[in-house]
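Structure, as structure tokens:
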Amino acid sequence: MNVPILHPEEPQGNRLRDNLGRLEPKTQRTYTPSLAVLARSSGVFHWTPDGRRLYDFTSGVLVANLGHNPTTWFKRFQDYLGWSGAALQDQGPFFEAVPLTSYNAATPIEIEASRRLIECLQNRPGGKRLEQVLWAASGSEAVQKALWAALARDRSRDIILATRYGFHGKKGLAGATTGCETDPERDPRVRFISFPREECCDVSRRQEPFNPLPYRLELEALREQLGRRLNVLITEPYLGGGGSYHPHPAYLQMLQDFCREHDIVFVLDEVQSNFGRTGRMFAFESYGIEPDVVLLGKGLANGVPGAAAIGPARLFDSLDFGEGSDTYSGNALVCAAVLATLDCFEDGSVLENCRRVSPLIEAGLIELKRFPFVKYVRGEPGGMVWGVEFGDFRDRTASQWANDFVLACYRGNGSTGVHLLGPLAKKVVRIAPPLVITVEQANQALRIMSRAAESLMQR
Ligand SMILES: Cc1ncc(COP(=O)(O)O)c(C=O)c1O
């Protein structure tokens with residue numbers, strides 16, 4: 001059984017954590033020193049069962065880009081599903097609305113969501129190869145389906161290239177392309193390539209010139225060794241789960257050039273970055289690239305579980321009936337949520353707000369570097385995602401400082417705190433509030449974080 005994490009100001013929350021420890025295995029969650037129990041949410045806030053208010057600096061896990069329970073979004077979501085008031089006022093045991101199934105059938109709402117998504121992608125610079133939507137039930141499934149399609153186009157070309165220390169999920173080929181080559185059981189079809197982490201280890205290095213040549217030579221060497229077996233390359237625009245490393249655009253452009261020259265499918269995993277995280281709707285716009293396939297998830301439906309691989313019709317045609325199907329993909333629930341989310345992004349004000357508040361949060365995070373245990377700050381210029389890397393200091397490791405910081409932020413001043421996830425790569429705290437955060441909310445949350453860091457210094 002789990003040893004529950006308890007908090008002095010949360011008697012009700014502690015009771016629930018105690019039950020949780022008995023009812024669910026610990027593997028259900030990734031470790032976080034706070035183990036937040038969240039009773040209600042609205043906008044950038046969560047409330048615990050004890051009534052404590054938390055600034056959500058995680059957006060779920062980069063999911064609620066529009067904030068939690070946005071009213072306009074919810075009304076649209078209901079309308080798309082046919083769940084609006086009139087339908088529910090029917091007195092009978094059932095009411096007529098969109099069916100919550102898409103297996104071996106299609107709903108008009110699914111077709112409309114596919115159309116709108118493709119239109120949205122193709123209208124942006126870099127989106128013109130994106131012709132069809134292959135729905136998936138989670139980000140890792142979208143990865144899996146895109147890689148299946150690439151491998152199926154020519155079975156003699158079996159090698160998948162993946163950027164080292166990336167994160168694409170835990171299951172199947174998503175797990176196989178995550179991390180690095182340390183696991184001897186790893187799928188032998190996956191070869192890892194270097195990602196320029198050192199060159200982008202801190203925001204202060206953003207303006208430095210970047211030389212992609214060594215990375216290109218590494219690819220050439222693989223090509224020399226494996227020839228036409230190289231089939232597909234998967235990368236993230238920035239390493240998210242691997243510790244928030246945001247590369248120079250020339251790196252991704254070089255990967256794309258190499259793929260084009262050798263007929264390698266270039267897959268950009270935007271499960272984390274899509275729907276505004278980089279300050280643009282999609283990260284491929286920020287990085288000046290034109291992927292063959294983009295993978296969408298998380299913010300795609302603002303919290304309703306769903307994902308998709310979007311790519312060329314010719315590529316997806318290599319999978320036959322059923323090879324890319326499953327029970328939940330393309331379900332009307334997620335399609336309604338995608339349509340509602342697209343509606344809410346349409347007038348550009350969410351992205352505008354993101355770009356306006358971004359420099360303020362970045363400046364506040366850079367200020368944290370005055371504490372000797374805060375080593376680096378990395379992030380996306382104009383975006384709403386950063387990693388704050390902790391270092392060893394005094395007798396404590398980087399990982400201990402990072403975990404202590406998350407806990408101190410969570411507890412905040414008692415009545416109000418800042419909700420963060422457990423550190424990435426053991427020592428990087430991710431900062432990713434909803435894109436709709438206001439200047440005032442950002443300032444207040446930064447003050448809580450700064451005081452939390454001060455309290456750690458004074459121990
Ligand atoms: C870039 C990226 N790809 C894929 C995934 C996996 O998504 P899911 O957890 O929905 O399977 C994640 C999850 O964090 C991610 O960040």
Side-chain angles (χ1 to χ4, degrees), residues 32 34 36 38 40-48 52-70 73 203 238 240-241 243-244 246 271-281 283 286 298-303 341 344-345 349-368 374 377-389 402 405-406 408-413 416-424 428-453:
T32 164
S34 48
L38 307 171
R40 287 176 304 116
S41 306
S42 174
V44 301
F45 295 112
H46 291 305
W47 282 269
T48 70
R52 295 187 60 239
R53 191 178 67 154
L54 301 168
Y55 285 88
D56 179 17
F57 261 40
T58 75
S59 303
V61 51
L62 300 107
V63 168
N65 291 3
L66 298 171
H68 297 281
N69 300 321
W73 178 91
V203 285
Y238 58 86
S244 223
H246 305 255
V271 166
Q272 167 169 144
S273 58
N274 65 185
F275 280 63
R277 267 299 140 193
T278 65
R280 312 262 180 111
M281 197 65 183
S286 303
K298 293 188 187 282
L300 167 70
N302 208 57
T341 309
C344 290
F345 272 96
S349 58
V350 173
L351 294 176
E352 230 173 79
N353 186 70
C354 169
R355 291 193 291 262
R356 184 171 57 243
V357 184
S358 171
L360 183 147
I361 298 185
E362 184 161 300
L365 297 176
I366 292 170
E367 286 253 311
L368 291 178
V374 176
V377 173
R378 298 187 277 275
E380 196 64 38
M384 203 48 80
V385 56
W386 295 268
V388 177
E389 182 172 329
F405 179 72
V406 170
C409 287
Y410 180 78
R411 291 187 175 164
N413 63 12
T416 306
V418 174
H419 175 55
L420 299 164
L421 300 176
L424 307 168
V428 182
V429 174
R430 178 161 41 204
I431 307 295
L435 312 182
V436 294
I437 190 168
T438 64
V439 166
E440 197 192 339
Q441 289 165 341
N443 277 328
Q444 283 174 4
L446 285 164
R447 265 197 294 280
I448 294 172
M449 289 165 69
S450 177
R451 283 196 204 115

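Computed over heavy atoms, backbone and side chain alike; hydrogens, waters and symmetry mates excluded.
Between T48 and H46, the side chains place no donor N or O within less than 3.5 Å of an acceptor N or O (distance only, hydrogens not considered). Side-chain contact of Y238 with E380: a donor-acceptor pair under 3.5 Å is absent, judged by distance alone.
With a 4.5 Å cut-off on side-chain heavy atoms, I361 and P433 count as touching. You'll find the side chain of L368 stays beyond 4.5 Å of the side chain of V377, heavy atoms only. Side-chain contact between L66 and T341 is present, with heavy atoms from C-beta onward closer than 4.5 Å. Annotation: side chain of H246 is in contact with side chain of V385 (closest heavy-atom distance under 4.5 Å). With a 4.5 Å cut-off on side-chain heavy atoms, T416 and Q444 do not count as touching. Side chains of F405 and M449 form a contact here, defined as non-hydrogen atoms less than 4.5 Å apart.
Taking each heavy atom of V428 and G243 in turn, the nearest pair found is CG1-O, 3.6 Å. A pairwise comparison of heavy atoms in L420 and R430 identifies CD2-O, 3.8 Å as the closest pair. Of all heavy-atom pairs between R280 and L351, the closest is C-CD2, 4.0 Å. The two atoms that bring V436 and N353 nearest to each other are C-ND2, 3.4 Å, heavy atoms only. Of all the heavy atoms in L360 and V439, the pair that sits closest is CD1-CG1, 3.6 Å. P434 and V44 make their closest contact through CG-CG1, 3.9 Å (heavy atoms, listed as atom of the first residue, atom of the second, distance).
Rounded to the nearest 0.5 angstrom, S358 OG and L435 CG are separated by 10.0 Å. Residue R355 holds its CZ atom at 9.0 Å from OG1 of T278, rounded to the nearest 0.5 Å. Of the inter-residue distances, the one linking Q272 atom CD with L62 atom CG reads 4.5 Å to the nearest 0.5 angstrom. To the nearest 0.5 Å, the span separating SG on C409 from CD1 on I431 amounts to 7.0 Å. Note that the CG atom of N302 and the CZ atom of F345 stand 7.5 Å from one another [nearest 0.5 Å]. The CG atom of N413 sits 8.0 Å away from atom CZ of R52, with the distance rounded to the nearest 0.5 Å.
For the side-chain contact (heavy atoms from CB on, under 4.5 Å) with S59, the qualifying choice from R277, H68, H419 is R277, the only one to do so.
The aromatic rings of F45 and W47 sit tilted, their planes meeting at an angle between 30° and 60°.
Between R378 and E389 there is a salt bridge, since a side-chain N of the basic residue sits under 4.0 Å from a carboxylate O of the acidic one.
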